Engineer: 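Would you mind keeping the following structure in view while I ask a few things?
Note that the coordinates shown come from a computational prediction; the quantities given were computed from them, not determined experimentally.
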Amino acid sequence: MKLLLENWEEFLNEAKLKHGYSIGEIGKDPIAGIDQNKSMYGASMNKPVLAFINLVLAKEGALHNRTGEKIRRLSPEELDKLISYAGGSSSSNRVNRALSDMSSVPGKDPKNQGYYKKYSKQYGVSRDQAKEVLNKLGLGDSIGGVHWGSKYNQQTPQGYNNFMSLLIKMKNDPNSEYHSEANEVLSYIQKRQGGTGAKGLKDRLNKQLEKAGYGKDSIKSMYGKGGYYKGTLNYSVVINDKYVLSLYTDQSDRDLGKMRSKIQDLTLGAIKDNIKPEQFQTPLQTKVPDKAPAPTPPTTDTPSPVAPAPKPMPDVKMPPDYWDSPEFNMWQNQAVLYKILRR
């Protein structure tokens, strides 16, 4: 009876699992997805988006909505803390709240209220400013909000795929208006493997995909951003520099290990169901035909004519009295006359 109740409880937990995902090639329409256009709570997924918005506004000389001063660009140290968790999750969240233009956080983190008051006035971005930039980038309809707090931190899986694809496109285009800003944000995302939910994901997928016929170590590269908070475990990962998958969950609070296992199984299923082994290969894995040898010049059976060697001059020996003979004197006189006539 106890085992039956445990299995029933596990079934109810699985049934409560709400998730959405979108998978596709970078910069292209999605291949597949579930609720990929449904807005869901992002947890820390907002951080790279809001950071990029800050860099765009600072580049354009935008003014802070409260102070009227120019918005300060996030420093490399602040970007590293925010996106790459260089100082741990507390430092990342502290920068995130100030960046969300929160001058105070009532009832939370009381020792850092002075930090929020000071730095939110320097680099904080208002919700209206963020929406304006998202609309300009064509992301306004799929990314509803990127500020701290569940109400204003809502994205769709497809919207996050679009954001990641946009960053990569701008990075690869030196003529893009925001080439350097996209490159900088991506460099910090690439220091992560997808966050808490993606821990061990690459190894697990490679092991299972090899069993499914995708070959050994079919995933050569993986990076991305994740988010985790009280029943929410999300990530967006770029695989083999070819595919991007964004997965969001919304469920009752449960064991992190089980949550991670479940969303990684969902990721494996999304790949196996929608991408064939030959499609999954990276450009480096695709065999390049060997270079053809240089063509051999045409040959004929008839050999090229060869000029005959000159015949040697005969070794003629003159008699000793020849040089005093009338014949030699006549020849010598003719030679002198010839020179005179040519003058």
Engineer: Taking all atoms of both residues into account, what is the closest heavy-atom pair of Tyr21 and Ala270, and its distance?
Structural biologist: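 Smallest heavy-atom distance, with atoms named: CE1-CB, 3.6 Å.
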Engineer: Evaluate Asp241 against Ile168 for side chain to side chain contact (heavy atoms under 4.5 Å, CB included), listing each step before the verdict.
Structural biologist: CA-CA 9 Å; Asp241 293 317; Ile168 295 169; over 6 Å; no
Engineer: Quick one: do Gln158 and Asn162 satisfy side chain to side chain donor-acceptor pair (under 3.5 Å)? Show the steps, please.
Structural biologist: CA-CA 6 Å; Gln158 179 56 35; Asn162 292 341; 2.8 Å; yes
Engineer: Are any non-hydrogen side-chain atoms of Ser44 and Asn96 less than 4.5 angstrom apart?
Structural biologist: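 When only atoms from C-beta onward are counted, Asn96 and Ser44 do not touch, as no gap falls below 4.5 Å.
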Engineer: Taking Tyr248 as the starting point, is it possible to reach Ile271 by hopping between hydrophobic residues whose side chains are less than 4.5 Å apart?
Structural biologist: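 Unlinked, Ile271 and Tyr248 end up in two clusters.
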Engineer: Between Gln193 and Leu201, is any pair of side-chain heavy atoms under 4.5 Å apart?
Structural biologist: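 They are not in side-chain contact.
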Engineer: At what distance, to the nearest 0.5 angstrom, does CE of Met259 lie from CG of Asn234?
Structural biologist: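 Going from the CE atom of Met259 to the CG atom of Asn234 covers 8.5 Å.
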Engineer: When you measure from the side chain of Gln129 to the backbone N and O of Leu63, does any donor-acceptor pair fall under 3.5 Å?
Structural biologist: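 Confirmed, Gln129 side chain pairs with Leu63 backbone.
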Engineer: Might you point out which heavy atoms bring Ser165 and Gly27 nearest each other, and give the distance in Å?
Structural biologist: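 In this case the closest contact between Ser165 and Gly27 is OG-N, 3.0 Å.
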Engineer: Once you round to the nearest 0.5 Å, how far does CE of Met170 lie from CG of Asn183?
Structural biologist: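 Nearest 0.5 Å value for the CE-CG distance: 12.5 Å.
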Engineer: Look only at the side chain of Lys191 and the backbone of Ile83, and say whether a donor-acceptor pair between them is shorter than 3.5 Å.
Structural biologist: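 No, Lys191 side chain to Ile83 backbone: no donor-acceptor pair under 3.5 Å.
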Engineer: Please report the shortest heavy-atom distance between Ser218 and Asn206, naming the atom on each side.
Structural biologist: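 Scanning both residues completely, I find the closest heavy atoms to be N-OD1, 3.1 Å.
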Engineer: Testing Ile219, Ile275, Val244 for side chain to side chain contact (heavy atoms under 4.5 Å, CB included) with Ile239, which one passes?
Structural biologist: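 Going through the options one by one, the only one that passes is Ile219.
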Engineer: Show the nearest heavy-atom pair for residues Ala130 and Val146, with the distance to one decimal.
Structural biologist: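 That closest heavy-atom pairing would be CB-CG2, 4.3 Å.
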Engineer: Check whether Tyr243 and Met164 end up in the same hydrophobic cluster, where Ile, Leu, Val, Met, Phe, Trp and Tyr are linked by side-chain heavy atoms less than 4.5 Å apart.
Structural biologist: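 Different clusters.
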Engineer: Does Lys131 offer a backbone N or O that forms a donor-acceptor pair with the side chain of Asn135 under 3.5 Å?
Structural biologist: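 Such a contact is found between Asn135 side chain and Lys131 backbone.
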Engineer: Could you check whether any side-chain N or O of Asn274 sits under 3.5 Å from a backbone N or O of Ile31, counting only pairs where one atom can act as donor and the other as acceptor?
Structural biologist: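 No; judged by distance alone, with no hydrogens or angles, the pair does not exist.
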Engineer: Same cluster or not: are Tyr85 and Leu99 linked, directly or through other Ile, Leu, Val, Met, Phe, Trp or Tyr residues, by side-chain heavy atoms under 4.5 angstrom apart?
Structural biologist: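 Cluster IDs for Tyr85 and Leu99 differ.
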Engineer: Short question: side chain of Gln113, backbone of Val105 - any donor-acceptor pair under 3.5 Å?
Structural biologist: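 Answer holds: yes.
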Engineer: What pairs of residues pass the ring pair (Phe, Tyr, Trp, His ring centres under 6.0 Å) test when at least one of them lies in residues 41-81, not counting sequence neighbours?
Structural biologist: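 Not a single pair qualifies under ring pair (Phe, Tyr, Trp, His ring centres under 6.0 Å).
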Engineer: Tell me, do Leu245 and Ser22 make a side-chain contact under 4.5 Å, heavy atoms counted?
Structural biologist: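 In short, these two side chains do not touch, never coming nearer than 4.5 Å.
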Engineer: Checking side chain to side chain contact (heavy atoms under 4.5 Å, CB included) against Glu184, which of Leu74, Leu167, Leu55 comes through?
Structural biologist: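 With Glu184 as partner, side chain to side chain contact (heavy atoms under 4.5 Å, CB included) holds for just one option, Leu55.
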Engineer: Yes or no on side chain to side chain donor-acceptor pair (under 3.5 Å) for Gln155 and Asn153, after CA distance, side-chain angles and deciding distance?
Structural biologist: CA-CA 7 Å; Gln155 304 94 43; Asn153 185 1; 2.6 Å; yes
Engineer: Hey, are the side chains of Met40 and Met45 touching, using non-hydrogen atoms and a 4.5 Å cut-off?
Structural biologist: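 Met40 vs Met45: side chains apart.
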Engineer: Can you find a pair of side-chain heavy atoms, one from Tyr214 and one from Lys272, that are under 4.5 Å apart?
Structural biologist: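 In short, these two side chains touch, coming nearer than 4.5 Å.
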Engineer: Does CG belonging to Asp173 count more than 12 external heavy atoms closer than 6.0 Å?
Structural biologist: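 Yes, enclosed.
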Engineer: Applying a strict under-4.5 Å side-chain criterion to I, L, V, M, F, W and Y, I'd like to know whether Leu266 and Tyr228 cluster together.
Structural biologist: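 Linked within one cluster.
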Engineer: Measuring from Asn112:CG to Lys118:NZ, what's the distance to the nearest 0.5 Å?
Structural biologist: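 NZ of Lys118 is found 12.5 Å from CG of Asn112.
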Engineer: Find the distance between CD (Gln122) and CZ (Arg72) and round it off to the nearest 0.5 Å.
Structural biologist: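 Here the rounded value is 4.5 Å.
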Engineer: So, does Lys121 use its side chain to make a donor-acceptor pair with the main chain of Arg66 at under 3.5 Å?
Structural biologist: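 Checked: no pair found.
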Engineer: Looking at every non-hydrogen atom in both residues, tell me the closest pair between Ser120 and Ser103 and how far apart they are.
Structural biologist: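 Scanning both residues, the minimum pair turns out to be OG-CA, 3.5 Å.
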Engineer: Only one of Lys47, Glu78, Lys81, Arg97 forms a side chain to side chain donor-acceptor pair (under 3.5 Å) with Ser92, so which one is it?
Structural biologist: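 Checked Lys47, Glu78, Lys81, Arg97 against Ser92; only one passes side chain to side chain donor-acceptor pair (under 3.5 Å): Lys47.
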Engineer: Has the side chain of Gln264 got a donor or acceptor atom that lies under 3.5 Å from a matching backbone atom of Gly197?
Structural biologist: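 Yes: the side chain of Gln264 pairs with the backbone of Gly197.
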Engineer: Applying side chain to side chain contact (heavy atoms under 4.5 Å, CB included), run through Tyr188 and Leu82 and close with a yes or a no.
Structural biologist: CA-CA 9 Å; Tyr188 293 107; Leu82 175 68; over 6 Å; no
Engineer: How close do Ala51 and Leu79 get, heavy atom to heavy atom, and via which atoms?
Structural biologist: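 Looking at all heavy atoms of both residues, the closest pair is CB-CD2, 3.8 Å.
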Engineer: Any side-chain to backbone donor/acceptor pair from Thr267 onto Ile263? Under 3.5 Å, distance only.
Structural biologist: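 Present.
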Engineer: Does any pair with a residue in residues 89-123 pass ring pair (Phe, Tyr, Trp, His ring centres under 6.0 Å), and if so which ones, sequence neighbours excluded?
Structural biologist: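 Every ring pair (Phe, Tyr, Trp, His ring centres under 6.0 Å) pair that includes a residue of residues 89-123, provided the two are not neighbours, is Tyr115-Tyr119.
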Engineer: Let me confirm one number: the CD1-NZ distance from Ile26 to Lys242, rounded to the nearest 0.5 Å.
Structural biologist: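 Interatomic distance, Ile26 CD1 to Lys242 NZ, rounded to 0.5 Å: 10.0 Å.
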Engineer: How many angstroms lie between atom NZ of Lys202 and atom OH of Tyr223, to the nearest 0.5 angstrom?
Structural biologist: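 Here the rounded value is 13.0 Å.
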Engineer: Check whether any side-chain N or O of Asp35 sits under 3.5 Å from a backbone N or O of Lys38 as a donor-acceptor pair, and report yes or no.
Structural biologist: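 Looks like no, no N/O pair under 3.5 Å.
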Engineer: Shared ILVMFWY cluster between Val185 and Leu139, side chains joined below 4.5 angstrom?
Structural biologist: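 Yes; Leu139 is reachable from Val185 via cluster members.
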Engineer: Could you check whether any side-chain N or O of Thr249 sits under 3.5 Å from a backbone N or O of Leu233, counting only pairs where one atom can act as donor and the other as acceptor?
Structural biologist: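 Checking the backbone N and O of Leu233 against the side chain of Thr249, a donor-acceptor pair under 3.5 Å is found.
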Engineer: So for atom NZ, which belongs to Lys59, do other residues, nucleotides or ligands contribute more than 12 heavy atoms lying within a distance under 6.0 Å?
Structural biologist: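 Counting neighbours around NZ of Lys59, more than 12 heavy atoms of other residues, nucleotides or ligands fall under 6.0 Å, so yes.
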Engineer: Here's a test for you: under side chain to side chain donor-acceptor pair (under 3.5 Å), which of Arg204, Gln208, Arg260 qualifies with Asp265?
Structural biologist: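 Only one of Arg204, Gln208, Arg260 forms a side chain to side chain donor-acceptor pair (under 3.5 Å) with Asp265, namely Arg204.
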Engineer: Could you check Asn65, Val125, Ile71 and say which one makes a side chain to side chain contact (heavy atoms under 4.5 Å, CB included) with Asp101?
Structural biologist: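 Only match with Asp101 under side chain to side chain contact (heavy atoms under 4.5 Å, CB included): Asn65.
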Engineer: Provide the full list of ring pair (Phe, Tyr, Trp, His ring centres under 6.0 Å) pairs with a residue in residues 132-176, sequence neighbours left out, each pair given once.
Structural biologist: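 As it turns out, the ring pair (Phe, Tyr, Trp, His ring centres under 6.0 Å) pairs with a partner in residues 132-176, which skip direct neighbours, are Tyr160-Phe163.
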